[in-house]
Amino acid sequence: MRWSQLFIPTLRDAPGDAEAASHKLLVRGGYIRQLQSGHYSLLPLGLRVHEKITSIIREEMNRIGGQEFLLPCMHPATVWRTSGRWDAMGDEMFRLVDRKGAEQALGMTHEEIFSTVFAEIGSYRALPQIWYQFQIKFRDEPRPKAGLLRVREFTMKDSYSFDVDEAGLDASFDAHQHAYVRIYERLGLDAVAVEASSGNMGGSDSVEFMVASPAGEDDIARCDGCGYAANIERATSTISDIADPPTADDAPVRFPTPGVRTIAQLAEMDGGAPADRQIKTLVMVLDGRLTLVLLRGDHNLVEQKLVDATGAIDVAPAEADAIHAALGAHPGSLGAVGVTDLDIIADPALRGRTAMTTGANEDDFHVGGVDVERDIAVGRWADLREVKAGEACPECGQPLLIERAIEVGHIFKLGRKYTEAFGITVLDENSEARVPIMGCYGIGVGRALAAVVETHHDEQGISWPVSVAPFHVVITVVKAEHRESMQMAERLADDLSHAGVEVVLDDRDARPGVKFADAELVGIPFRLTIGPNGVEAGELELVVRSTGEKRGVAPDQAVAALVELVDTHR
RNA sequence: CGGGACGUGGCGCAGCCAGGUAGCGCACCUGCUUUGGGAGCAGGGGGUCGGGAGUUCAAAUCUCCCCGUCCCGACCA
């Protein structure tokens, strides 16, 4: 391939609104262009990388017995109504109406469709099945961002396993977990598997694969000691007990706290209480129902934990008016003491605590001497607090680390939600009907691509791992008119191609600096420079993009040297 | 959806406050010189100033409405 004939529109400046490194570099390197928010065109170079990632995933899926499908991306509403998700998916699903007036959806995932296909299977003997596809998913994201990292239209490898029983599901799940580990290794991604919440897909065991990066949108808690790792939405820690003063026999004492609206203010006030001796009272609306959520004063709520604990679909902080109507006070003076007409859910860090301070449900007043279990009608205890860096690992006690990360994959056990909804059964060895159990597993290809860039770049540009690079080698001809250079370059490019190396010949009539800079920006792993000096001296320059290492090679050794480099890094 | 910022050739920006000829750098085309780290000179092409109303003799500039884009928070591969 000749660079002069390829469409590689490199840019000196990144678009002004790009922030993430991968976004800037993919645009500057001529890999992607934006059509609208959340929708990107993959240019030839971008597609090459995308295809390489796809191939790696495909190989690993096939290795665990996956069978590739290609399902429609437009679905009739009826299928989604059957699973109950036509409504549950809300605004995130793109919907349209065809000329006959039939409602349609653009698929955001394919449990329903695969289940429909699976319905044809009637025997346990056909199981297990692992089915997958690479398909464009459409999701009307509230906020697309960071180039390819979060978009509304993207290719996902989604797979689904069908087993007769839990043990079978465990095996399919493990197979996927191992496949994913291999996939990320081959992509050059240092992904950690973390415990996760399964979101609105429904399911139990849920593992996300996370790549540490400041461009990520998730926080994970990780332990270097034992390898514990969990999404912050799920992570727990061991916190030390706090020695409370002896319990007073009498009821809580109300005292004035004029102007005090925050935990911090109350902590500083004379006669106040340190944050860890306060009860934080949050008023949340769970599916329309006002609920008091109690945490230790110095702890933060993880809303996802509240969702997981209660099964609520819709969770949001209550509006100030609703709070005042229910409790008679404004945020800053709220408490749960004596409240009996609202659900109260509390974090276990409050369990057994005494002599605590909290709002009195009267503006500018708090109450002290609260014995949580004696004075508050807690309806339910559930882990709700956000883990903080430095707290003890729940497994081994070492301090936890908190890291920002990109979610590059998610696998989880779905259960029988869809097979039940679609009335799917298979006959077992006793001729009894059994409802198969499903697992569901996804990797966003474009996101993985962006994650590779996030973790493989420098000031000069991208530095692709050989496994996904758009080309393995660029031959840079220093001076395009120098006949001997060009002849040698063409010959070597040919030989490299025959040896299975993907090579692009930079034959552009440009100054060498431009070509060097472009090669580095685009991120091709190896560069062979051919110019008058080298041709005459009988020594060409070979540069390794990732390390900057330069070495001289004789022209007749160049092919062998490059083949070896490519093979050892592949 | 809440908060903030922005919209001027392909990309990066100035001009707007104080209304009057659309400008700069990069990129692009032609020619000459140049060519081992983003060349120089000369000539040239390309812009409904996001859209629509309004004010005005006159609007990129002022007013109103709409649209779009980005960033921070609630959602997910």
Side-chain angles (χ1 to χ4, degrees), chain A residues 9-20 23-24 27-28 30 33-38 57 89-92 108-109 134-137 139-159 180 196-201 206 208-211 216-218 231 233 284 301-304 307 313-317 319 406-412 440-451 460 476-482 485 508-521 527 529-537 540-541 543 550:
Chain A
T10 57
L11 258 27
R12 212 151 183 170
D13 298 305
D17 52 21
E19 298 251 317
H23 186 190
K24 289 184 189 165
V27 173
R28 285 190 55 210
R33 287 295 184 262
Q34 184 184 57
L35 177 62
Q36 61 170 329
S37 180
I57 298 172
M89 285 308 192
D91 290 338
E92 196 148 332
M108 35 192 300
T109 174
F134 290 91
Q135 171 63 289
I136 295 178
K137 305 300 187 206
R139 296 183 184 180
D140 194 354
E141 291 288 339
R143 185 152 93 85
K145 58 175 288 202
L148 257 28
L149 279 173
R150 173 162 222 87
V151 293
R152 302 205 303 172
E153 174 186 345
F154 62 97
T155 301
M156 176 161 93
K157 184 290 294 176
D158 49 326
S159 48
Y180 275 39
S197 159
S198 45
N200 70 346
M201 297 287 180
S206 174
E208 289 170 339
F209 291 85
M210 295 290 197
V211 172
E217 301 180 80
D218 288 87
N231 192 304
E233 293 175 352
M284 306 294 289
L301 171 68
V302 176
E303 279 192 24
Q304 186 65 45
V307 170
I313 310 249
D314 202 26
V315 169
E319 302 288 339
I406 300 168
E407 182 188 345
V408 292
H410 193 173
I411 62 179
F412 57 93
C440 149
Y441 319 86
I443 296 179
V445 179
R447 182 126 110 194
L449 187 157
Q460 268 58 251
T476 303
V477 178
V478 173
K479 191 173 175 177
E481 310 87 279
H482 186 248
S485 293
R508 289 177 298 169
D509 180 21
R511 315 201 93 226
V514 173
K515 298 196 246 193
F516 294 149
D518 272 350
E520 281 150 14
L521 172 61
R527 185 181 88 211
T529 309
I530 301 181
N533 300 351
V535 171
E536 192 172 327
L540 307 176
E541 184 187 64
V543 186
K550 295 182 181 179

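Proteins come first, then strands; the chains are lettered A, B, ... in the order of their sequence lines, and each starts at number 1.
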- [ ] Using a heavy-atom cut-off of under 4.0 Å over every strand shown, decide if A:Pro15 touches base, sugar-phosphate, or nothing.
- [x] sugar-phosphate
Task: Whole-angstrom distance between B:G10 and B:U48, as gauged at atom P - done: 9 Å
TODO: Considering only atom P, compute the distance from B:G15 to B:C76 and round it to an integer number of Å.
DONE: 43 Å
Open item on the list: Go nucleotide by nucleotide along RNA chain B from the 5' end; which of A:Leu11 and A:Val535 gets its closest nucleotide reached first?
Closed with: A:Leu11
Open item on the list: Using whole Å, what does the distance between atom P of nucleotide B:A74 and atom CG of A:Asp140 come to?
Closed with: 19 Å
Open item on the list: If I compare all heavy atoms of A:Glu407 with all of A:Met210, which pair ends up nearest, and what's the gap?
Closed with: CA-SD, 3.5 Å
- [ ] Check every strand shown and say whether A:Ala14 touches a base, only sugar-phosphate, or nothing at a heavy-atom separation below 4.0 Å.
- [x] sugar-phosphate
TODO: Determine the contact category for A:Val151: base if any of its heavy atoms lies under 4.0 Å from a base atom, sugar-phosphate if only primed atoms, P, OP1 or OP2 are that close, otherwise nothing.
DONE: base
- [ ] Scan A:Gly446 against the nucleic acid and name what it touches under 4.0 Å (heavy atoms): base, sugar-phosphate only, or nothing.
- [x] nothing
TODO: Please figure out whether A:Glu541 or A:Gly444 has its closest RNA chain B nucleotide nearer the 5' end.
DONE: A:Glu541
Open item on the list: For a quick check of understanding: with a heavy-atom distance under 4.0 Å over all strands, which category does A:Val445 fall into, base, sugar-phosphate or nothing?
Closed with: nothing
TODO: Please check the phosphate of B:G38 (OP1 and OP2 only) for any side-chain N or O of A:Arg12 closer than 4.0 Å.
DONE: no
- [ ] Ignoring the backbone of A:Glu19, work out which of B:C76, B:C71, B:G36 is nearest its side chain.
- [x] B:C71
Task: Atom pair distance, as rounded to whole Å: CZ in A:Arg511 and C1' in B:G37 - done: 10 Å
TODO: Can you tell me, in whole Å, how much space there is between the C1' of B:G12 and that of B:U55?
DONE: 34 Å
Open item on the list: Looking only at the side chain of A:Ala517 (C-beta and beyond, no hydrogens), which of the listed nucleotides B:U35, B:C76, B:G37 gets closest?
Closed with: B:G37
- [ ] Check every strand shown and say whether A:Gly409 touches a base, only sugar-phosphate, or nothing at a heavy-atom separation below 4.0 Å.
- [x] sugar-phosphate
- [ ] Would you kindly give the NZ-to-C1' distance between A:Lys515 and B:A39, to the nearest whole Å?
- [x] 14 Å
- [ ] May I have the distance from A:Asp91 (atom CG) to B:C75 (atom P), rounded to whole angstrom?
- [x] 15 Å
Open item on the list: Please determine whether a side-chain nitrogen or oxygen atom of A:Thr109 lies at a distance below 4.0 Å from atom OP1 or OP2 of B:A77.
Closed with: no
TODO: For A:Ala146, report the nucleic acid contact type (base, sugar-phosphate, nothing); a contact means any heavy atom under 4.0 Å.
DONE: sugar-phosphate
- [ ] Please evaluate the base of B:C76 for a donor-acceptor partner in the side chain of A:Asp218 within a cut-off of under 3.5 Å?
- [x] yes
- [ ] With heavy atoms under 4.0 Å as the rule, sort A:Ser37 into base, sugar-phosphate or nothing.
- [x] sugar-phosphate
- [ ] Just name whichever nucleotide pairs with B:G2, Watson-Crick or G-U, keeping both distances under 3.5 Å, else none.
- [x] B:C72
Task: Pairing partner (Watson-Crick or G-U wobble, both distances under 3.5 angstrom) of B:G31 - done: B:C41
TODO: Have a look at A:Asp518 and tell me which of A:Arg12, A:Arg511, A:Arg508 forms a salt bridge (charged side-chain N to carboxylate O under 4.0 Å, His left out) with it.
DONE: A:Arg508
Task: Check: A:Arg527 side chain, A:Val543 main-chain N or O, donor-acceptor pair, under 3.5 Å - done: no
TODO: Can you tell me, in whole Å, how much space there is between the C1' of B:A27 and that of B:C11?
DONE: 8 Å
TODO: Answer yes or no: does a side-chain N or O of A:Lys145 lie under 4.0 Å from OP1 or OP2 of B:C76?
DONE: no
Open item on the list: Would the base of B:C76 count as contacting A:Arg152 through its side chain, where contact means a donor and an acceptor less than 3.5 Å apart?
Closed with: no
Task: Base of B:G68 paired with side chain of A:Gln36 (donor-acceptor, under 3.5 Å) - done: no
Open item on the list: For the C1' atoms, the ones on B:C67 and on B:A14, what distance do you get once it is rounded to whole angstrom?
Closed with: 25 Å
Task: A:Glu536 atom CD, neighbour heavy-atom count above 12 within 6.0 Å - done: no
Task: Separation of the P atoms in B:G46 and B:G3, to the nearest angstrom - done: 44 Å
- [ ] For nucleotides B:G51 and B:U69, find the distance between their C1' atoms and express it as a whole number of Å.
- [x] 15 Å
- [ ] Determine, for A:Asp13 against A:Arg28, whether the closest basic-nitrogen to carboxylate-oxygen distance falls under 4.0 angstrom.
- [x] no
Open item on the list: Using only atom types and a distance under 3.5 Å, with no angle test, would you say the side chain of A:Arg33 pairs donor to acceptor with the backbone of A:Val27?
Closed with: yes
TODO: Can you tell me the distance, in whole Å, between the NE2 atom of A:His410 and the P atom of B:C75?
DONE: 14 Å
Task: Whole-Å gap separating C1' (B:A74) and CE (A:Met284) - done: 10 Å
Open item on the list: Return the pairing partner of B:G7 with a 3.5 Å limit on both distances, Watson-Crick or G-U wobble; otherwise return none.
Closed with: B:C67
Open item on the list: Using a distance-only criterion (donor-acceptor N/O pair, under 3.5 Å, no hydrogens), is the base of B:G37 paired with the side chain of A:Glu520?
Closed with: yes
Open item on the list: Check this for me: does the side-chain of A:Arg527 come within 3.5 Å of the base of B:G37 through a donor and an acceptor?
Closed with: yes
TODO: Without swapping roles, check the side chain of A:Lys479 against the backbone of A:Pro532 for a donor-acceptor pair under 3.5 Å.
DONE: no
Open item on the list: Suppose you measure atom P in B:C75 against the same atom in B:C13; what distance do you get, rounded to whole Å?
Closed with: 33 Å
- [ ] Give a yes/no on whether any side-chain N or O of A:Gln34 is located under 4.0 angstrom from OP1 or OP2 of B:C70.
- [x] yes
Task: Exam field: side chain A:Tyr180 to backbone A:Gly442, donor-acceptor pair closer than 3.5 Å - done: yes
- [ ] Output yes if the stacking criterion (under 5.5 Å between centres, under 30° between planes) is met for A:Phe516 over the base of B:G38, else no.
- [x] no
TODO: Can you tell me the distance, in whole Å, between the CD atom of A:Glu92 and the P atom of B:C1?
DONE: 15 Å
Task: Main-chain N/O of A:Pro144 paired with A:Arg152 side-chain donor or acceptor, under 3.5 Å - done: no
- [ ] In whole angstrom, give the distance that lies between atom CD of A:Glu153 and atom P of B:C76.
- [x] 20 Å
Task: Any-strand Watson-Crick or G-U partner of B:C24, both distances under 3.5 Å - done: B:G12
Open item on the list: Please determine whether any donor N or O and acceptor N or O are separated by less than 3.5 Å between the side chain of A:Arg143 and the base of B:C70.
Closed with: no
- [ ] Quick one: look up who B:G46 pairs with, Watson-Crick or G-U, both distances under 3.5 Å, and put none if it's unpaired.
- [x] none
TODO: Give the nucleotide from the list B:G37, B:G12, B:C75 with an atom nearest to the side chain of A:Asp13.
DONE: B:G12
